[in-house]
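Note sheet for the following structure.
Given the structure is predicted, the values throughout are model-derived calculations rather than measurements.
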Amino acid sequence: MITGKTALLGIVGHPVEHSLSPAMHNAALTELGLNWAYVPFPVAPEHLKKAVEGFEAIGLRGFNVTIPHKQAILSYLSEISPLAQAVGAVNTVKRTSAGWSGTNTDVEGFIAPLRQQSWLGAVAVILGNGGAARAVVAGCGELGFDEIWVVGRDAGKLSQFAASWSGSKTLPPKTLRTCVWADLKSLLPQASLLVNTTPIGMHPHTDATPLTASELDQTQTALVYDLIYTPRPTQLLHQAQQRGLSIQDGLEMLVQQGAAALTWWTERTAPTATMRQAALRWLDAD
Ligand code: NAP
């Protein structure tokens, strides 16, 4: 029940009406027995500054940041974690005595399902060079991949992407490499991990897939990881499974980035099973 003592958390994005985060976080806060509530805040890009000032005025404890604000929010923070600086994006903000402090829990969310095995010296192939690909590159760096290939459709964007990591403390030199889609086929046989960070195959375009059947036939030992979680599985994961490859969808990343954020805000261990159940219920109902 919301009372005069309820502490507030939230998510700022545009749009936010389809976000699973309020369902996940409110279920977790209830489970923890905390008098806190998590609220969606739809904020257009031109109002982000005013919204952050308003959050300070009303004493918000912290908030998540989603599309299109993950880069723009950096201007309104007094502290940015080294990881968020390396990624160039913030998805979680907390009120501290110094002001707003920002970090990026997408990296932790992405690597959580990959921690059971060693990836030292392995090759990762990442489809797409947008915002999520940056968290995936940082995550692959942390897991010790030897080569991290980023595949894009625009050579100019790919060289900007590569340049933005040069001198990064997160990645050893020469780990990050880029190529255009036309050159992807020759890379696939070496990939131990293949990650789709493009929106290809996401609801409502559920028949679409970023790889042709013959490209997928080139992958042999890969775990195929799709950041998309609607539908589950995507066409890419369905076809990978049919070829006997291991698969991972994006729901666990979403749950784990939320759990990491909640633990940071509340200083309590997040109940991940409750958050996962709430996310699944929300997806079933939507
Ligand atoms: P984004 O910044 O817009 O990046 C999308 C990337 O996909 C860009 O590199 C874009 O290429 C590429 N792309 C889009 N359509 C393409 C096409 N038809 N052919 C080839 N490349 C194409 O988006 P994002 O924030 O990275 O998100 C990407 C996906 O990850 C979304 O589906 C999102 O839901 C998912 N995601 C999931 C989680 C999770 O927790 N599971 C977290 C974050 C994101 P150009 O740069 O050339 O346009």
Side-chain angles (χ1 to χ4, degrees), residues 1-14 16 18-43 48-49 51-67 69-87 89-112 131-132 135 138-139 142 250-279 282:
M1 193 174 65
I2 296 196
T3 68
K5 291 183 181 164
T6 304
L8 284 185
L9 296 169
I11 178 164
V12 61
H14 196 253
V16 281
H18 293 294
S19 171
L20 275 78
S21 296
M24 276 195 321
H25 285 287
N26 286 313
L29 292 165
T30 304
E31 167 98 13
L32 290 171
L34 293 171
N35 187 5
W36 293 44
Y38 184 105
V39 185
F41 296 112
V43 174
L48 182 62
K49 183 170 187 281
V52 175
E53 286 166 0
F55 293 162
E56 182 181 350
I58 62 171
L60 207 77
R61 300 290 182 94
F63 56 97
N64 282 129
V65 186
T66 188
I67 291 170
H69 304 311
K70 284 187 178 184
Q71 281 90 36
I73 194 71
L74 269 74
S75 311
Y76 309 117
L77 305 176
S78 42
E79 246 173 19
I80 301 165
S81 72
L83 183 62
Q85 280 176 30
V87 174
V90 159
N91 79 326
T92 306
V93 177
K94 178 177 172 170
R95 189 76 200 163
T96 68
S97 54
W100 294 114
S101 176
T103 191
N104 191 309
T105 67
D106 282 335
V107 179
E108 197 172 331
F110 167 70
I111 61 182
E142 199 168 320
L251 188 67
E252 196 58 18
M253 173 174 174
L254 183 84
V255 170
Q256 297 288 344
Q257 64 74 31
L262 194 74
T263 299
W264 190 41
W265 291 321
T266 63
E267 298 176 4
R268 300 271 299 274
T269 304
T272 43
T274 301
M275 296 176 83
R276 193 176 298 114
Q277 271 166 17
W282 192 98

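- Taking Ala112 as the reference, Gln256 meet the side-chain contact (heavy atoms from CB on, under 4.5 Å) condition, with sequence neighbours excluded.
- When the side-chain contact (heavy atoms from CB on, under 4.5 Å) test is applied to Leu20, the partners found at least two apart in sequence or on another chain are Tyr229, Leu251, Leu254, Ala279, Trp282, Leu283.
- Within the 4.5 Å cutoff, no side-chain heavy atoms of Val107 are placed close to those of Phe110.
- Nearest heavy atom pair, residue Arg61 against residue Leu9, reads CB-CD2, 3.8 Å.
- At a threshold of 4.5 Å between non-hydrogen side-chain atoms, the residues Val90 and Trp100 do not count as touching.
- Nearest heavy atoms, Thr105 versus Asn91: N-OD1, 2.7 Å.
- Residue pairs meeting the side chain to side chain donor-acceptor pair (under 3.5 Å) criterion with at least one partner in residues 77-86, sequence neighbours excluded, are Glu79-Ser101, Ser81-Thr103.
- Annotation: side-chain contact (heavy atoms from CB on, under 4.5 Å) contacts of Ala89 (sequence neighbours excluded): Lys70, Gln71, Val87, Asn104.
- Considering only residues two or more places apart in sequence or on other chains, Glu108 meets the salt bridge (charged side-chain N to carboxylate O under 4.0 Å, His left out) condition with none of them.
- Taking CG of Asp106 as the start and CD1 of Ile111 as the end, the distance is 11.5 Å to the nearest 0.5 Å.
- Residues passing the side chain to side chain donor-acceptor pair (under 3.5 Å) test with Thr266, sequence neighbours excluded: none.
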Indicate every side-chain donor-acceptor pair of residues 28-40 with a distance under 3.5 Å to a residue at least two apart or in another chain.
{"from": "Thr30", "atom 1": "OG1", "to": "Asn26", "atom 2": "O", "distance (Å)": "2.8"}
{"from": "Glu31", "atom 1": "OE1", "to": "Thr274", "atom 2": "OG1", "distance (Å)": "3.1"}
{"from": "Asn35", "atom 1": "OD1", "to": "Thr6", "atom 2": "OG1", "distance (Å)": "2.9"}
{"from": "Asn35", "atom 1": "ND2", "to": "Thr3", "atom 2": "OG1", "distance (Å)": "3.0"}
{"from": "Tyr38", "atom 1": "OH", "to": "Asn64", "atom 2": "OD1", "distance (Å)": "2.6"}

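- In this structure, the side chains of Phe63 and Phe41 stay at 4.5 Å or more apart for every pair of heavy atoms.
- Between Ala259 and Met275 the shortest heavy-atom distance is N-CE, 3.7 Å.
- Applying the ring pair (Phe, Tyr, Trp, His ring centres under 6.0 Å) test to Tyr76 and every residue at least two apart in sequence or in another chain returns nothing.
- Residues meeting the salt bridge (charged side-chain N to carboxylate O under 4.0 Å, His left out) test with Arg95, sequence neighbours left out: Glu56.
- A donor-acceptor contact shorter than 3.5 Å is absent between the side chain of His25 and the backbone of Ile11.
- Atom CD of Gln277 is separated from atom OG1 of Thr272 by 10.0 Å, given to the nearest 0.5 angstrom.
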